[in-house]
Amino acid sequence: MPSPGVHERLARTLVTWFESRDRDVPGRSESDPYRIWIAEVMAQQTRIATVRERYTEFLGRFPDVHALAEAELDAVLKAWEGMGYYARARNLHRAARVLVEEHEGLLPDDPAALRSLPGIGPYTAGAIASIAFDRAEPAVDGNVRRVLSRLFDLERPSAAALESESRRLLATDGVRPGTLNQALMDFGGSVCTPRRPDCDACPLAADCLAFKHDTQASRPGRSKSVALPHHPIAVAVLRKEGRVLIGKRPEHGLLGGLWEFPGGKIEAGEAPRQAAARELQEEMCIEATIGRSIAVIPHAFSHFRITLHAFEAAWVSGEPCGRAVTEWRWVRPEELSAYAFPAANRDILAGISGASDRP
DNA sequence: AACTCGGGGTC
DNA sequence: GACCCAGAGTT
């Protein structure tokens with residue numbers, strides 16, 4: 001009997017390593033494709049610890065694809081509040097309706113059919129196909145990309161190269177695809193980490209080309225970082241007869257479909273209070289008296305930073321026209337918790353509940 | 001291939 | 001502070 005090839009040896013060692021661990025990862029012990037789908041989408045670009053807290057809550061509210069399809073988008077966004085990348089929630093909702101209308105409420109097992117659904121790309125399609133349906137399909141996320149880049153010493157691997165290496169690992173007899181894919185991800189998250197990988201304790205070190213060449217610290221290569229632009233923002237908590245004014249952002253684009261307090265960018269040379277008054281005039285057609293500062297909130301997005309200056313404001317004249325929003329509403333402070341807000345608004349919400357309507 | 005799209009843990 | 005994460009959609 002010939003000695004096993006390096007891919008087969010790697011695959012068997014990974015699965016053995018994985019099965020000796022007991023890590024509580026959402027979706028791992030699931031068999032329902034719907035629940036696996038939710039777990040994988042929720043895990044995109046998001047820490048496991050964050051997902052763990054929200055996963056059970058989300059499934060409690062939307063226990064199956066029919067419940068998700070029948071829900072209002074606002075309810076799905078509210079369940080997604082604070083997790084970011086809100087297009088994921090919008091796409092989940094759209095995909096659920098496609099599944100109910102065109103697939104009898106069932107997720108397909110074919111990667112191409114999965115990829116045709118909103119919000120399911122190469123990674124999630126492979127993850128669902130392999131974990132839920134036991135198909136030998138690659139699921140290359142950031143962790144797997146790093147592990148493969150190091151095992152085969154690839155500086156800037158193409159998606160095709162990573163898929164090719166993955167398929168050779170998956171070709172190992174007797175290794176379940178979903179188990180191997182999860183082993184690769186878990187391995188990248190615990191042993192083969194971005195910084196300071198634990199090569200001393202690595203069961204794959206003997207076959208790792210980057211370890212052999214001592215290039216693991218620069219595999220995969222990093223793209224150069226760019227300085228993030230910064231935008232000062234002024235927002236107004238506008239009071240009138242015990243209620244505050246909120247607006248709903250357009251459904252597409254940044255923070256799409258979420259609610260916010262009216263406001264906008266502070267122009268060069270403009271004072272924050274001036275900007276708050278101007279934005280109320282321009283975007284809401286309302287004259288107001290700007291009052292005390294509620295909070296100054298620094299916040300970082302993926303591609304820029306903001307500093308949010310929030311002010312109390314008292315209505316003087318005018319009715320909302322909602323030029324920058326698709327909808328607006330006067331809401332009692334205690335009702336604000338029913339609306340999905342961006343994370344940067346949390347400090348504002350905390351500072352105004354139960355406050356008077358006088359700035 | 002480059003750009004957009006959040007938030008948070010970690011070092 | 002910088003990095004980077006169980007990525008996908010758009011152009």
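The model shown is predicted, which means the values in this text are computed figures rather than measured ones. Order of the sequence lines sets the chain letters (A, B, ...), proteins ahead of strands, with each chain counted from 1.
Under the 6.0 Å cut-off for aromatic ring centres, A:Phe304 and A:His230 do not qualify, their centroids lying 6.0 Å or more apart. Here A:Trp80 and A:Phe58 bring their ring centres to under 6.0 angstrom of each other.
Using modelled atom types, one finds a donor on one side chain and an acceptor on the other under 3.5 Å when comparing A:Glu30 with A:Tyr55. Judged by distance alone, the side chains of A:Arg88 and A:Asn91 never bring a donor and an acceptor atom under 3.5 Å apart.
With rounding to whole Å, A:Ile48 atom CD1 is found 13 Å from C:dG7 atom C1'. In this structure, A:Asn143 places its CG atom 18 Å from P of C:dC3, rounding to the nearest Å. With rounding to whole Å, A:Arg305 atom CZ is found 14 Å from C:dC3 atom P. Between the NE2 atom of A:His230 and the P atom of C:dG1 there is a distance of 10 Å, rounded to whole Å.
Without hydrogens or angle criteria, A:Arg292 side chain to A:Glu312 main chain gives no donor-acceptor distance under 3.5 Å. Side-chain atoms of A:Ser166 never come within 3.5 Å of backbone atoms of A:Leu162 as a donor-acceptor pair (strictly under, hydrogens ignored).
Sulfur-to-sulfur, A:Cys285 and A:Cys321 sit under 2.5 Å apart at their SG atoms.
With both ends at atom P, the span from B:dC11 to C:dA6 equals 13 Å, rounded to whole Å. For B:dG6 and C:dT11, the P atoms lie 16 Å apart once the distance is rounded to whole Å.
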Protein N or O to nucleotides 9-11 of chain C N or O, pairs below 3.5 Å:
residue	atom	partner	partner atom	Å
C:dG9	OP1	A:Gly119	N	2.5

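The aromatic rings of A:Phe152 and A:His7 sit parallel to each other, their planes meeting at less than 30°, with 60° as the upper class boundary.
Backbone-only contact: A:Arg146 has heavy atoms under 4.0 Å from sugar-phosphate atoms and none from a base.
When the salt bridge (charged side-chain N to carboxylate O under 4.0 Å, His left out) test is applied to A:Glu251, no partner is found at least two apart in sequence or on another chain.
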- [ ] Spell out protein contact along nucleotides 3-11 of chain B as letters: B when the base is contacted, S when just the sugar-phosphate is, - when no protein heavy atom is under 4.0 Å; keep the 5' to 3' order.
- [x] --BBBBBB-

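Considering only the side chain of A:Asp141, C:dG7 comes nearest among C:dC3, C:dG7, C:dC5.
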